[in-house]
Amino acid sequence: MKKILVINGPSLNMLGIREPEIYGTATFSELEESIRNWASELGVEVKLFQSNHEGAIIDEIQAAYGKFDGIVINPAGYTHTSVAIPDAIKAVGIPAVEVHISDVDNREDFRRISYVRSACIATIKGKGFPGYREALEILSR
Ligand code: DQA
């Protein structure tokens with residue numbers, strides 16, 4: 001069974017409360033529950049990880065080396081600022097898919113820049129929570 005690490009970055013733990021007009025009213029625990037259900041449908045094992053800290057995200061990516069077959073990552077605000085996160089993904093060489101709940105290309109200009117994209121095999125954006133399902137599907141193939 002393939003093992004997939006799902007990483008959510010800063011303030012995604014605030015889903016449900018955070019800017020509901022952009023991210024919806026469903027909560028972070030509902031997202032986690034959906035991800036677990038999709039994983040079992042697709043026959044993959046998942047580990048869920050959320051952190052507000054860039055270094056903690058990098059530590060988690062490094063710890064995945066030799067242990068996981070894929071990474072689903074929504075780096076949240078770090079998407080547009082972090083060079084160190086894509087560097088860590090490239091370092092471990094694990095196939096990764098970038099997910100954004102909102103359509104980052106149709107918001108503020110600064111959200112069009114994604115450093116993580118260069119380390120990912122696919123990007124899914126603007127599909128809400130089901131975007132995570134699509135990412136799991138890509139990595140389960
Ligand atoms: C986000 C989009 C980012 O621009 C933003 O900083 C987030 C969430 C999304 O899932 O739509 O925190 O990654």
Side-chain angles (χ1 to χ4, degrees), residues 1-65 67-141:
M1 195 183 269
K2 282 201 170 174
K3 288 179 73 176
I4 298 175
L5 173 63
V6 180
I7 299 176
N8 278 299
S11 299
L12 290 166
N13 57 314
M14 297 290 285
L15 286 171
I17 297 164
R18 175 188 186 194
E19 300 179 272
E21 64 291 353
I22 296 170
Y23 301 111
T25 53
T27 65
F28 183 62
S29 26
E30 287 170 319
L31 172 63
E32 291 198 314
E33 197 187 326
S34 299
I35 293 171
R36 288 190 201 285
N37 291 336
W38 291 324
S40 74
E41 273 169 39
L42 293 163
V44 295
E45 196 182 315
V46 278
K47 178 185 178 186
L48 305 184
F49 178 79
Q50 190 276 329
S51 179
N52 296 325
H53 304 276
E54 185 176 15
I57 292 169
I58 292 162
D59 287 344
E60 191 67 21
I61 293 167
Q62 290 185 6
Y65 178 71
K67 297 198 178 85
F68 286 87
D69 307 296
I71 297 174
V72 173
I73 184 162
N74 182 347
Y78 291 137
T79 307
H80 321 296
T81 63
S82 174
V83 171
I85 290 174
D87 279 353
I89 297 171
K90 288 175 190 166
V92 295
I94 301 171
V97 175
E98 173 190 14
V99 174
H100 300 286
I101 295 164
S102 66
D103 184 358
V104 282
D105 290 329
N106 284 299
R107 294 181 61 190
E108 300 96 323
D109 281 350
F110 65 84
R111 291 186 207 276
R112 290 173 188 248
I113 294 161
S114 167
Y115 292 109
V116 81
R117 201 157 298 173
S118 69
C120 293
I121 58 167
T123 296
I124 294 150
K125 56 183 179 65
K127 296 191 172 171
F129 289 4
Y132 288 83
R133 189 190 196 282
E134 213 173 301
L136 288 174
E137 213 176 313
I138 291 168
L139 292 168
S140 70
R141 282 181 209 139

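Side-chain atoms are counted along with the backbone in the values below, which use heavy atoms only and exclude waters and symmetry mates. Counting starts at 1 for both ligands and their atoms, in listed order.
Within the structure, the closest approach of R18 to ligand 1 falls below 4.0 Å when heavy atoms are considered.
Under the 3.5 Å distance criterion, the side-chain polar atoms of Y78 are matched with a main-chain donor or acceptor of E54. Here the side chain of H80 pairs no donor or acceptor atom with the backbone of S114 at under 3.5 angstrom. Looking only at distances, a side-chain donor or acceptor of N52 sits under 3.5 Å from a matching main-chain atom of S11. A donor-acceptor pair is defined here as one N or O able to donate and one able to accept, closer than 3.5 Å; such a pair exists between the side chain of K2 and the backbone of R141.
Near V104, with a cut-off below 4.0 Å to any heavy atom, the atoms of ligand 1 are 2 (C), 4 (O). Set against the non-hydrogen atoms of H80, the atoms of ligand 1 under 4.0 Å away are 3 (C), 4 (O).
I101 N, 3.3 Å is the protein heavy atom nearest to atom 9 (C) of ligand 1. In terms of protein heavy atoms, atom 8 (C) of ligand 1 is closest to Y23 OH, 3.5 Å. In terms of protein heavy-atom proximity, atom 11 (O) of ligand 1 is closest to S102 OG, 2.6 Å. Scanning all protein heavy atoms for the shortest distance to atom 1 (C) of ligand 1 gives H100 ND1, 3.7 Å. Annotation: atom 5 (C) of ligand 1 to nearest protein heavy atom, R111 NH1, 3.3 Å.
The pair D105-K125 meets the salt-bridge criterion, since a charged nitrogen lies less than 4.0 angstrom from a carboxylate oxygen.
D87 and Y115 are not linked by any side-chain donor-acceptor pair at a separation below 3.5 angstrom, with hydrogens and angles left out of the test. When only modelled atom types and interatomic distance are considered, T27 and E30 share a side-chain donor-acceptor pair under 3.5 Å.
The residue I22 has no part lying near ligand 1, judged by heavy-atom distances below 4.0 Å.
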